[in-house]
Engineer: 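This is the structure I have questions about; it appears just below.
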Amino acid sequence: MQYARPVELKQALELLANGKWDILAGGTDFYPALGENAPKSDILDITSIATLNGVTEKLDHWRIGALTTWADIAALDLPDCFNALKQAAIEVGSKQIQNRATIAGNLCNASPAADGVPALLVLDAEIELMGKNGTRQLPLSEFISGNRQTSLASDELLSAIIIPRMSATGNSAFHKLGSRRYMVISIVMTAVRLLKGPLGEVMTASVSVGACSAVAQRLPELEQKLIAQPFDKSLCDLISADQFSHLTPINDIRAPADYRQSAMQESVRRAILSAVEAQ
Ligand SMILES: Cc1cc2nc3c(=O)[nH]c(=O)nc-3n(C[C@H](O)[C@H](O)[C@H](O)COP(=O)(O)OP(=O)(O)OC[C@H]3O[C@@H](n4cnc5c(N)ncnc54)[C@H](O)[C@@H]3O)c2cc1C
């Protein structure tokens with residue numbers, strides 16, 4: 001077994017192009033997934049590639065480097081539209097986990113209960129993938145294709161998450177329901193981003209729900225309903241069960257499907273209230 005820890009992105013991409021490597025970032029999903037077993041593939045530890053770190057503001061987008069940790073995100077001074085992401089950051093595991101775990105690892109692991117996904121969906125996040133032969137960008141909603149499935153090719157790594165400037169507006173909020181308050185895998189989690197217009201109306205509305213389908217989903221019908229409505233807590237009255245009909249909550253060790261079915265509506269209501277009250 002080989003272990004490589006390049007310091008240059010170029011070196012990492014060369015290695016990926018010429019062999020079969022398992023990428024290692026914070027290791028907080030990687031190592032638990034091994035259980036009692038030793039790693040089977042060669043390990044490409046990307047944690048020393050400095051250019052994959054940090055959040056930067058560009059002319060037409062925000063760029064979140066793949067190695068940015070949840071602790072980094074929680075500590076950064078970011079516009080209000082990132083509040084849902086910041087709130088999700090402090091709900092991921094414990095402080096120790098947040099100090100190690102990266103945002104890209106959360107997305108590449110592609111768990112239905114990944115807390116980062118709903119908060120990034122409401123920001124219309126795009127995923128930047130790099131390989132030796134070039135870079136491609138695709139929406140997060142296409143990148144995660146199923147439970148633990150992504151469209152990452154074996155010679156690529158996730159280099160950054162891109163938030164278009166046009167979507168970096170308004171205020172956002174995150175709500176997580178688990179079987180206890182902290183250190184818990186979500187039963188349901190929701191994110192909401194709302195932009196208030198000059199007449200006190202909703203100009204933009206983005207709502208997403210996680211842990212109630214293989215991949216977290218936006219709620220386009222509810223979003224449509226919210227547009228042009230008065231920006232106050234009466235928005236919660238517009239939530240109805242049919243807006244969630246494309247979700248497929250399952251029975252599992254954490255909750256029965258019918259509990260998730262009602263909890264997701266309540267979770268969305270609470271996230272909308274938080275976004276309204278924070279305005
Ligand atoms: C005790 C505990 C509590 C947790 N609590 C939560 C929680 O509350 N909410 C939650 O959402 N998650 C939770 N997690 C899961 C985990 O911490 C997060 O998903 C974390 O963000 C994963 O990041 P990482 O850097 O540790 O990824 P790693 O474990 O290093 O990698 C995870 C996967 O992503 C791949 N990968 C990583 N980076 C890249 C990249 N740049 N390009 C391509 N592939 C890459 C790896 O190959 C691996 O398959 C918890 C984990 C533990 C151990």
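Only heavy atoms go into these numbers, but all of them, side chains included; no hydrogens, no water, no symmetry mates. Whatever order the structure lists ligands and atoms in, that order sets their numbers, starting from 1.
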Engineer: What protein heavy atom sits nearest atom 38 (N) of ligand 1, and how far off is it?
Structural biologist: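 Closest protein heavy atom to atom 38 (N) of ligand 1: Ala25 CB, 3.7 Å.
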
Engineer: Which residue and atom name correspond to the protein heavy atom nearest atom 3 (C) of ligand 1, and how close is it?
Structural biologist: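 Looking only at protein heavy atoms, the one closest to atom 3 (C) of ligand 1 is Gly93 CA, 3.8 Å.
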
Engineer: Return yes or no for this condition: an N or O of Tyr31 is under 3.5 Å from an N or O of ligand 1.
Structural biologist: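 By distance alone, the answer is no.
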
Engineer: Please determine if Glu156 has a nitrogen or oxygen closer than 3.5 Å to a nitrogen or oxygen of ligand 1.
Structural biologist: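 No; every N/O pair is 3.5 Å or more apart.
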
Engineer: Below 4.0 Å, non-hydrogen atoms only: which portion of Leu52 touches ligand 1? Side chain, backbone, both or neither.
Structural biologist: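 For Leu52, no heavy atom sits under 4.0 Å from ligand 1.
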
Engineer: Can you list the atoms of ligand 1 that are under 4.0 Å from a heavy atom of Ala114?
Structural biologist: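 Ligand 1 atoms under the 4.0 Å threshold to Ala114: 11 (O).
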
Engineer: Scan side-chain atoms only and decide if Arg254 and Ser186 contain a donor-acceptor pair under the 3.5 Å cut-off.
Structural biologist: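 There is no such pair (donor and acceptor under 3.5 Å, judged by atom type) between the side chains of Arg254 and Ser186.
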
Engineer: For atom 13 (C) of ligand 1, which candidate among Ile49, Leu157, Val92, Val184 provides the closest heavy atom?
Structural biologist: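 The nearest heavy atom belongs to Val92.
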
Engineer: Give the atom numbers and elements of ligand 1 that come within less than 4.0 Å of a heavy atom of Ala113.
Structural biologist: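 Close to Ala113: 11 (O).
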
Engineer: For ligand 1, which atoms have a heavy atom of Ala104 less than 4.0 angstrom away?
Structural biologist: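 So the answer, numbered in order with elements, is 41 (N).
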
Engineer: Go through ligand 1 atom by atom and flag the ones less than 4.0 Å from a non-hydrogen atom of Ala66.
Structural biologist: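 Counting atoms of ligand 1 from 1, those under 4.0 Å from Ala66 are 41 (N).
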
Engineer: Atom 24 (P) of ligand 1: protein heavy atom closer than 4.0 Å?
Structural biologist: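 Under the 4.0 Å cut-off, atom 24 (P) of ligand 1 does have protein heavy-atom neighbours.
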
Engineer: Which is closest to atom 10 (C) of ligand 1 in terms of heavy atoms, Leu16, Ile185, Asn106, Leu152?
Structural biologist: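 Shortest heavy-atom distance from atom 10 (C) of ligand 1: Asn106.
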
Engineer: Does ligand 1 have any atom that is closer than 4.0 Å to a heavy atom of Asp22?
Structural biologist: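 No.
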
Engineer: From atom 14 (N) of ligand 1, work out which of Ile23, Asp29, Thr69 has a heavy atom at the shortest distance.
Structural biologist: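 Answer by nearest heavy atom: Asp29.
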
Engineer: Look at ligand 1 and say whether Trp70 reaches it with a heavy atom at a distance under 4.0 Å.
Structural biologist: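 It does; at least one heavy atom falls under 4.0 Å.
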
Engineer: Just to be sure I read this right, does ligand 1 sit under 4.0 Å from the backbone of Lys176, its side chain, both, or neither, counting only heavy atoms?
Structural biologist: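 Under 4.0 Å from ligand 1, Lys176 contributes side-chain atoms alone.
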
